[in-house]
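See below for the structure under consideration.
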Amino acid sequence: MNITKNLINWYSVNKRDLPWRNTVNPYFIWLSEIILQQTQVAQGLPYYVKFTSKFPTVFDLAKARESQVLKLWQGLGYYSRARNLHASAKYIVNELNGEFPNTYNEIIKLKGVGDYTASAIASICFNEITPVVDGNVFRALSRIYGISTPINTSKGFKEFKALAETLIDKREPATFNQAIMEFGARQCKPKNPDCNICPFNTKCVALQKNKILEFPVKLKSLKVKKKYFNFIVILSSDKKTVLEKREGKGIWQNLYQFPLVETKKTANFLEIEERLKDFSVLKDKSFSLSLYNDVEIVHKLSHQHLHTKFWVVTLDDVLPTGISINKLIEFPVPILIGNFIERFNF
DNA sequence: AACGCGGGGCC
DNA sequence: GGCCCAGCGTT
């Protein structure tokens, strides 16, 4: 039995009709691949539509301001993807005369493009024979071949990349790469795969051993950290508030938020009141403090849980340096803040 | 090699 | 609650 041909046959019958499958324009394929990093198709699809509509060419994207790109990316997460996308667009326009690089070795030089994305673009757009190894490929191959090497190690990556190298169709690398990923996403799913209808069910090593769910093997990651966030929502008499831009390296870089007070444990009224003394815009002003959410909002990221309280400061004065609350919608904000803005009756 | 980085969906 | 998702960059 020929795995390569079986995958391609399976794909010809089962592939979904997705907008980026009707083009080999490298700009569109690049956009789709960045959006789909660590992101399911259902979640990324509306963003692909928005981005291709708002920025039809790499020149349009390069001309935009970073805050516009982040605003359009809002809610999708992993915001460094948006910043790198924008930086690479400017690089392509300014350094490459707007011509998209057309080999794996050139494509991987773009910020935000690693082995997977460079392989995907090079094969799909330029028929380069370079296999993709993503989460779907790890899962499908580890099950079919019964490979127990942990996938999140360099040894594991090399092993799977080499195996994929032997499998890729030399005449149809683009089709093969998309086929094996679609197979992993739709047939060889993480949970409850229907192995009865799988073309490989007679030879799949994991299935023979009845150990489908034990593959792929992955080294466990450490426990998630808890953090305690208190956002200070200032409301002035002239209907303004204060936003700050997140700088530095942490999460949500270059996005906006209400002034943040982080505490070691869940904060109480007195603690927040004390910390407000450091707020220069409140200096010598009269205001009242109240807690918006009695129950902490726990915003779960893959690596930390943010226990969040929103504190409302009502100010009996104007706020010359503040921003009008009806302009709030223009700022790129984390979804945690965006949800608050939607619910809060400003 | 290990870690940080979002948000949503599924079980 | 835990795991996964068309991974990448930094240290």
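Hydrogens, waters and symmetry mates are skipped; everything else that's a heavy atom, side chains included, is used. Since the model is a prediction, treat every value here as computed from it, not as a measurement. Throughout, a chain's letter reflects where its sequence line sits, starting with A, and its residues are numbered from 1.
Listed by first and then second residue, the ring-ring contact (aromatic ring centres under 6.0 Å, His included) pairs involving residues 129-162 of chain A are A/Phe138-A/Phe160 (not counting sequence neighbours). The side-chain hydrogen bond (donor to acceptor under 3.5 Å, both in side chains) analysis of residues 205-217 of chain A, with sequence neighbours excluded, yields no pairs. Within the structure, the side-chain hydrogen bond (donor to acceptor under 3.5 Å, both in side chains) test picks out no pair touching residues 320-341 of chain A (sequence neighbours left out). Applying the salt bridge (charged side-chain N to carboxylate O under 4.0 Å, His left out) test to every pair with at least one member in residues 264-275 of chain A, sequence neighbours left out, gives these pairs: A/Glu274-A/Lys277. Sorted by first then second residue, the side-chain hydrogen bond (donor to acceptor under 3.5 Å, both in side chains) pairs that include residues 24-38 of chain A, not counting sequence neighbours, are A/Glu33-A/Tyr116, A/Gln37-A/Thr117.
Note: NZ (A/Lys226) to C1' (C/dG1) measures 12 Å, nearest angstrom. Here B/dG7 presents its C1' atom at 15 Å from CD1 of A/Ile337, a figure rounded to the nearest Å. Between A/Ile34 atom CD1 and B/dG7 atom P the separation is 18 Å, expressed in whole Å. Spacing between atom CG of A/Leu301 and atom C1' of C/dC3 amounts to 15 Å, rounded to whole angstrom units. To the nearest angstrom, C1' of B/dG4 lies 15 Å from NE2 of A/His305. Note: CG (A/Asn152) to P (C/dC3) measures 12 Å, nearest angstrom. For the pair A/Leu213 CG and C/dC3 P, the computed distance is 13 Å after rounding to whole Å. In this structure, the CG atom of A/Leu45 is 13 Å from the P atom of B/dG9, given to the nearest Å.
Put simply, CG on A/Asn268 and CD1 on A/Ile272 are 8.0 Å apart, with the number rounded to the nearest 0.5 Å.
Between the side chains of A/His307 and A/Glu296, at least one donor N or O lies within less than 3.5 Å of an accepting N or O.
Side-chain nitrogen and oxygen atoms of A/His299 include at least one within less than 4.0 Å of the OP1 or OP2 phosphate oxygen of B/dG7. Residue A/Trp252 places at least one side-chain N or O closer than 4.0 Å to OP1 or OP2 of B/dG7. Not one side-chain nitrogen or oxygen of A/Lys220 sits closer than 4.0 Å to the OP1 or OP2 atom of C/dC3.
C/dC4 and B/dG6 have their C1' atoms separated by 13 Å, with the value rounded to a whole Å. For B/dG9 and C/dC8, the C1' atoms lie 23 Å apart once the distance is rounded to whole Å. To the nearest whole angstrom, the two C1' atoms, one in B/dC11 and one in C/dA6, are 23 Å apart.
Nucleic acid contact class of A/Ile35 (heavy atoms, under 4.0 Å, all strands): none.
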Quick tally for nucleotides 4-11 of chain C: nucleotides whose base has a protein heavy atom under 4.0 Å get B, sugar-phosphate-only ones S, the rest -, giving SBBBSS-S
